[in-house]
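For reference, the structure discussed in these notes is given below.
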Protein chains: 2
Amino acid sequence: MVESLTRAERKEATRQRLLDATLQLIANRSLASISLREVAREAGIVPTAFYRHYESMDALGVELVDESMRPLRQMIREARRGVADHGDIIKATVEVLARQVRQNPDQFRFLSRERYGGVRGVRRAIETELRLFTSELAVDLARLTAGFDWSSDDLEMAANLMVAAMLSAVMDLLEVDDRRPGDAVPILDRAERQLRLIALGMSEWRSKT
Amino acid sequence: MVESLTRAERKEATRQRLLDATLQLIANRSLASISLREVAREAGIVPTAFYRHYESMDALGVELVDESMRPLRQMIREARRGVADHGDIIKATVEVLARQVRQNPDQFRFLSRERYGGVRGVRRAIETELRLFTSELAVDLARLTAGFDWSSDDLEMAANLMVAAMLSAVMDLLEVDDRRPGDAVPILDRAERQLRLIALGMSEWRSKT
DNA sequence: AAGTTCAGTGTACGGTTGTACACCGAACAG
DNA sequence: CTGTTCGGTGTACAACCGTACACTGAACTT
């Protein structure tokens, strides 16, 4: 059955099981309330073996941030591609957002749970990644507002507001009961209108020079 | 020394000490990671006496939401008064926000920590209060946009966006190092510009009829 | 083929947790 | 004045926690 994997492969597999187990446990509780023993149990190893992979739950948490940011990064790429196909940037963005959240609820849940609630290390890791995300968006905005001489500070400000609006939608989406997927519609609709409202404001904005 | 308080007064005092102790412990960790025993210890009572006041930490958490929402409600009142004195609504609002956060950091920290990270009961209590807050703002916005025939749905949408922007600023403010209070300035400045950007968008917006 | 590395095991420990139970004594109601 | 109420105490216990330590055996190196 098991086709004699290398040691490194087996280790990697267990590592992944630890991450998955944590992500799954986090669906209902916060990282701080999950014990090392629980995670180990869920991953099918003995508690002390945990230390072969991470020196503490906090360390695992920091790595989990990277892991969970992948769908977010994927989102940016998809959204940019979506813009090419589909004329309406905002509609395309919200659609990508909705799909990514639906496909990776645990990752998004982890990020929203720990963004403010977590341990300092995890919190900072998330904040750093989110800042990167905002900067990338600011770059995109710069392209769209070329010729309107927006200051980079204002671009950052606008991008930050858009990210806040999107994250707010994400968190609301995560509260939607799986058995009533229709509840997601008004949330997405609102997010779309919010982004349009911001875009409308931007078209009238003039940076102080 | 102790002027023979009534039994009810003593009980209320202990209750308050329990709430304060929890708020203080929460400065660094999440509610879920705080034990009943810790809170009791901090409040100066024996663990089993805790049950004379709350049936569990979760129950205490729900009550703490009410307690912590007080500064937020205070904020609305002050902001409305501030508008009367001071012509610039947005500037006045951001100033009130800054002061309230500075004066009640523990309460705001608790709310931001537990809004998404907490137990279901606490989370829902916070969300309910925040929805109320948004509705009140929507009412104020309705007054300001009178004559532009905004739909109530759009008012809600705009209020929700403003609240998201303000809360995002609050959370960033809470991360500011106390020894470097100047770090709060750019955050507040950004929040102000974001609100202005939204207002600008609103002045151009037309609700679908 | 022999020796080394190392992911995972099993046992053991002291510390903390939530909570059950019997109790106390001061504030209370009559 | 007498009996009751009830906030707070003290002891006790089983469950869980993180982690130290000595170990095994299969995957690796030589």
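Naming: A, B, ... by sequence-line order, numbering from 1 per chain.
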Those residues that, when tested against A/E129, pass side-chain hydrogen bond (donor to acceptor under 3.5 Å, both in side chains) (two or more places apart): A/R73
Mind checking salt bridge (charged side-chain N to carboxylate O under 4.0 Å, His left out) for B/R196 and listing every partner two or more places apart, or none if nothing turns up? B/D88, B/E192
Using a 3.5 Å distance criterion without hydrogens, assess whether the side chain of B/R113 forms a donor-acceptor pair with backbone atoms of B/L31. no
Mind running a 4.0 Å heavy-atom check of residues 13-21 of chain B against DNA chain C and sending the residues that fall below it, in number order? none
For atom NZ of B/K11 and atom C1' of C/dA26, their distance in whole Å: 15 Å
Just by distance, do the side chain of A/S68 and the backbone of A/V65 share a donor-acceptor pair under 3.5 Å? no
What is the distance, rounded to the nearest whole Å, between atom CZ of A/F50 and atom P of D/dC17? 13 Å
Determine, stepwise, if the pair A/Q107 / A/Q100 fulfils side-chain hydrogen bond (donor to acceptor under 3.5 Å, both in side chains). CA-CA 10 Å; A/Q107 281 84 353; A/Q100 285 292 342; over 6 Å; no
Tell me the interatomic distance from B/E9, atom CD, to C/dA27, atom C1', rounded to whole angstroms. 12 Å
For A/L5 and C/dC6, give me the distance from atom CG to atom C1', rounded to whole Å. 16 Å
Rounding to an integer number of Å, can you tell me how far B/I45 CD1 sits from D/dG10 P? 13 Å
Any pair with a residue in residues 50-62 of chain A that passes side chain to side chain donor-acceptor pair (under 3.5 Å), sequence neighbours left out, goes on the list, sorted by first then second residue, please. A/Y54-A/E63
Between P on D/dG18 and CG on A/D58, what's the gap in Å once rounded to a whole number? 11 Å
Short side-chain to backbone donor-acceptor contact, A/T14 and A/R10, under 3.5 Å: yes
Would you mind building the protein contact string for nucleotides 16-25 of chain C? One character per nucleotide, 5' to 3', B for base within reach (heavy atoms under 4.0 Å), S for sugar-phosphate only, - for untouched. -BBBBB----
Only pairs under 3.5 Å count here: list side-chain donor-acceptor contacts from residues 162-187 of chain A, not counting sequence neighbours, and write none if there are none.
unit_1 : atom_1 : unit_2 : atom_2 : d
A/D172 : OD2    : A/R190 : NH2    : 2.6
A/E175 : OE2    : B/R123 : NE     : 3.2
A/D177 : OD1    : A/R179 : N      : 3.0
A/D177 : OD1    : A/R179 : NE     : 3.2
A/D177 : OD2    : A/R179 : NE     : 3.4
A/D177 : OD2    : A/R179 : NH2    : 2.7

